[in-house]
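Written out below as structure tokens is the structure these notes cover.
Just so you know, these numbers come straight off a predicted model, no measurement behind them. Letters A, B, ... mirror the listed sequences (proteins, then strands); counts begin at 1.
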Amino acid sequence: MDLYQQNILDYYRHPRCNQKITEANYSAEVSNPLCGDRIEIYLQTSGDKIKQAVWQGEGCVLSLAAADMLAEYLQNKSLTAIDTIDKDWIIKTLGVNPSPSRLKCALLPLEALKKSLANN
Amino acid sequence: MKYQLGKTLKEEFPIFIHHRDLVFLDNAASCQKPKVVLEAMDKLYRTSYANVHRGVYSISEAATNMYEESRVMVAKFINAKTEAEVIFTRNATEALNVAAFSVAELLQPGDEVLLTQLEHHASLVPWQMAAKKHQLKLNFIPVNSEGRLELENIDKIITPRTKVLAITAMSNVTGTVTELDVLIPKAKAAGAIVIIDAAQAVQHLPLDVQALGCDLLAFSGHKIFGPSGVGVLWGKLDLLQKLEPFEYGGNMISEVSYATASFAEPPAKFEAGTPPIAEVIGLGAAIKFVQEIGSEAILEYENDLTAYGLEQLKKVPGLRLIGPADQHLRGPVFAFVMEGVHPHDIASILDGGHCAMPLHKRFGIPATTRASFTIYNSEEDVGALVAGLNKARQLLVM
Ligand SMILES: Cc1ncc(COP(=O)(O)O)c(C=O)c1O
């Protein structure tokens, strides 16, 4: 399957949530030293509510598009919504099913997100 | 010539019949197998398979003959003085481990081992471990920004304290061909043992161990169109006689009691246990195939292909090639980065166009993409690569 679908390229070219915030109460960074991918996730919350979710980093189209889709989805969600996000959610949201080696890239942002909660 | 190089040669490789549009550009990792290799292994299993060096029964003798014929062919291929100098291992990595750990036993604490910054992990890491065990000092010949060895101060680097030079003949990343003709005589004059990692070179360059003047040389069968699971360690006979065995067990002993054992002469001394019988025989067929083409013909064809590849890749906007600019100083291995395009995306987009290529880590750049060519590749495959790269640019560079 062609991974480079229009919606994925759109998130890659025009990310909505690619920035850094200083008031984050949750944050984490994960990287894959083998391919040089690195994703940082920042959440600013108020009570249980995510007021802002953003990311920064570098990587391939899949990891960056997945980071942006994930952050966009999290705006105004409750923290517990994160529990429902898994591998299948990422695949469904991307709309493509990458090969195992590329799926690792797509799951990097989710790994960062889960780590940010554990870090807190 | 029996075989014509380039696209026509693909007819000899069943995988290209199965995948008609496959452009295989990962030959530095492993290359495809000609049908003569598959047939040789198949024939063994179907007609004469048995363990070697054991039975007096006829099929074991037949298998042993085929196995030993491969040894003779390898010996001729690299111009060894005698086939007793040819040891079959699992791969180049095992051969380099045997070389490092057995040679290290001859060294004293404080002795220096000289490597290069181009070494593959298989050449580097065994020496790191041997250095720890025997308190050796590791030195490195530096690499310049072009991926070539920096030889300006070589006479200060190779000294009488240098007891070993362990060096690759061709880099798996930059394709750099190292200056063995300069370095081996200097190392030998200093009294060092010279170990050559020929894992990449064996596919591309003529190898003559006597002309090189080295002491040990290693390569893998799977990078010279043979099967995986077999490698070669060649060593000068008198050195092999001095070295301790690396593994112990059957086939490598001459006499055993419950208390002690004495060891067989090389090569059996270094071939403990049942060897990869069919793989050795497949390697023999691969070497025959390469000899029928001729190492000089391969070199000439690949020099032209390398020059063409360099010229075409230079035209791709935003592409930075790693390694020497002159085709005579390198093999047809191209590592590169493309501004604004992650190597994962390059590999995936090219795979969509049936170009098979991996990522690679090197030179402080997190990841590079590597396209490596061999005798069945052609200018058409360079074209497929360039088209894929341009497609990646169009898709992803804003
Ligand atoms: C230069 C070099 N040395 C050693 C090796 C190790 O070969 P193998 O993995 O077959 O043992 C390779 C393979 O990638 C290589 O390119």
Interatomic distance, CG@A/Leu64 vs NE2@B/His342, rounded to 0.5 Å, equals 8.0 Å
Most chain A-contacting option - heavy-atom pairs closer than 4.5 Å, from B/Val341, B/Ile346, B/Ile349, B/Asp351: B/Ile349
Mark yes when over 12 heavy atoms from residues, nucleotides or ligands other than A/Gln75 sit less than 6.0 Å from its CD; otherwise mark no. yes
State whether the side chain of A/Arg13 and the backbone N or O of B/Val397 hold a donor-acceptor pair below 3.5 Å, judged by distance alone. no
Taking CD in B/Glu339 as the centre, count heavy atoms belonging to other residues, nucleotides or ligands within less than 6.0 Å. Is the count above 12? no
More than 12 non-hydrogen atoms from neighbouring residues, nucleotides or ligands closer than 6.0 Å to NZ on A/Lys77, yes or no? yes
Taking atom CG of B/Leu396 and atom CG of A/Leu9, what is their separation to the nearest 0.5 Å? 6.0 Å
Separation of B/Leu395 CG from A/Tyr12 OH (nearest 0.5 Å): 10.0 Å
Members of residues 53-61 of chain A whose heavy atoms come closer than 4.5 Å to chain B: A/Gly59, A/Cys60, A/Val61
